[in-house]
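The structure under discussion appears below in the form of structure tokens.
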Amino acid sequence: MSRTIAILTGGGDCPGLNAVIRAVVRSAVLQHGWRVIGIEDGFDGLVGEPGWRELDLAAVRGILPRGGTILGTSNRGNPLSYPVKEGGETRLIDVSSEVVANFRALGADALIAVGGDGTLKIARTLQDRGMPMVGIPKTIDNDLRCTDVTFGYNTAVGVVTEALDRLHSTAESHQRVMVVEVMGRDAGWIAIESGLAGSADIILIPEIPFDMRAVCDAILRRRQMGSRFSIVVAAEGAFPAEGEKILRKSAETNLGVERLGGVGQLVADEIAERLEVETRVVVLGHVQRGGTPSPFDRILGSRFGIRAVDLVARQKYGRMVALRGRDVIDVEIGDAVMGLNLVDPEGGLTGAAEALGINLGR
Ligand code: F6P
């Protein structure tokens, strides 16, 4: 049966999105002879005048190693709570019926939504409102449930690990404490895995509210043992036991979610004051999201794309593709967005870190 499938990428970008798009197009065209259209800028492309383009084999040629997404993305345009300006005021309205109508007018049979928690929650609601949806999990934070890992995460851990390797030599030369702030709003996966791979001395994650005394004691212990520098990795969502997550001063938000940032500076200032040592802060920011995907993410993204097309072929909608062990499987989208995948404070990774003498701020 001839079909038209649509694909969009929503939320923050991450390495591997183009691998997914390429795999969806190649598998839909080569295996099934279907037509694929790409919706531009996430769900924004289905609001108002639709933004879309044909995706044939030529359109996806050469994109496998490219970071970002050729379709564009947005982490502001939630159609269930869409910002419209009226008389200088911004109101949030539900434009999902317009999204469904635009999707139908494009003649598409199914929509593959590639995104994180926010995008997949929207996908689940649209599925309930009559749009045949398939979800593909994406986020460098690796905080989505029901999949062992999301694509993009492996690349981000690689970027941070390389940065930690580079920071070691300069920290040692100047006998400084380097505080490296990495992404991870709610989950400390990037911080703990890159901290382990990059030999951090202290790792602070949102799942373990930190005690500044424990952090400073760890630095002092290192000094007593002859190490005159230390590397601290702090996830942006880490926060002191007696405090709260640190927000950016500017009022900018994503889908009404406040932007985090500043924990690195806070920790560095406290260490400098309490221990009278020189500290420096490195905020890796969007460097972790940009650039070429690792081989692992290229392969995972490709396998996810192929499985999503397979689900459309079997008309198995409302499902999200996922990795379990070495296998790509599918799960209910609703199950994947019920809560987040967090680092277990008493689990294998935190245990390994502490066994290696890494302090976790407790
Ligand atoms: O969800 C991934 C993430 O990288 C978070 O860790 C971070 O808080 C957020 O995206 C930043 O998003 P933006 O692109 O809006 O700055």
Side-chain angles (χ1 to χ4, degrees), residues 8-17 20 41-44 67-69 71-78 81 83 113-123 135-145 147 149-161 163 180-195 203-207 233-239 244-266 281-291 293-294 297 300-301 320 336-337 339-343:
L8 64 76
T9 52
D13 70 342
C14 88
L17 284 167
V20 174
D41 305 328
F43 285 105
D44 276 3
T69 160
L71 292 176
T73 187
S74 164
N75 53 9
R76 282 158 210 280
N78 178 352
S81 183
V114 193
D117 187 57
T119 302
L120 293 169
K121 278 184 177 146
I122 298 166
I136 300 185
K138 159 251 63 155
T139 160
I140 64 162
D141 287 7
N142 196 35
D143 58 4
L144 267 166
R145 289 180 54 175
T147 183
V149 74
T150 51
F151 71 86
Y153 169 66
N154 178 270
T155 307
V157 170
V159 169
V160 178
T161 302
V180 186
E181 184 177 307
V182 302
M183 281 189 174
R185 285 192 81 76
D186 304 293
W189 295 107
I190 295 179
I192 194 143
E193 288 217 324
S194 61
I203 302 173
L204 306 176
I205 59 174
E207 294 87 341
V233 177
E236 62 182 349
F239 58 99
E244 287 174 355
K245 292 201 181 196
I246 294 116
L247 303 179
R248 267 175 213 273
K249 298 231 161 43
S250 76
E252 278 181 72
T253 63
N254 300 328
L255 293 177
V257 178
E258 277 139 332
R259 293 183 64 203
L260 298 175
V263 67
Q265 192 65 55
L266 177 117
V281 183
V282 178
V283 180
L284 288 178
H286 294 76
V287 168
Q288 296 159 90
R289 287 222 315 242
S294 66
D297 283 335
L300 185 61
M320 181 190 89
V337 297
L340 291 170
N341 170 33
L342 301 177
V343 175

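Order of appearance sets the numbers: ligands from 1, and atoms from 1 within every ligand.
- Here Leu342 pairs with Asp186, Ala187, Glu207, Leu340 under the side-chain contact (heavy atoms from CB on, under 4.5 Å) rule; sequence neighbours left out.
- When each of Val337, Leu144, Val149 is checked for a side chain to side chain contact (heavy atoms under 4.5 Å, CB included) with Pro137, only Leu144 meets the rule.
- Listed by chain and number, the residues in a side-chain contact (heavy atoms from CB on, under 4.5 Å) with Leu284 are Val160, Ala163, Val180, Val182, Val282, Gln288 (sequence neighbours excluded).
- Residue contacts with ligand 1, taken as heavy atom pairs separated by less than 4.0 Å, involve His286 solely via side-chain atoms from C-beta onward.
- Note: Ile203 CD1 to Glu193 CD = 10.0 Å, rounded to the nearest 0.5 Å.
- Between Asn75 and ligand 1, at least one pair of N/O atoms sits closer than 3.5 Å.
- Atom CD of residue Glu236 and atom CD1 of residue Ile190 lie 8.0 Å apart, to the nearest 0.5 angstrom.
- Comparing heavy-atom distances from atom 12 (O) of ligand 1 across Met183, Arg259, Arg289 singles out Arg289 as nearest.
- Remark: ligand 1 atoms within the under-4.0 Å shell around heavy atoms of Arg185 are 5 (C), 6 (O), 8 (O).
- Residue contacts with ligand 1 include Asp141, since one or more of its heavy atoms lies under 4.0 Å from the ligand.
- Of all atoms in ligand 1, listed by their number and element, those nearer than 4.0 Å to a heavy atom of Gly184 are 6 (O).
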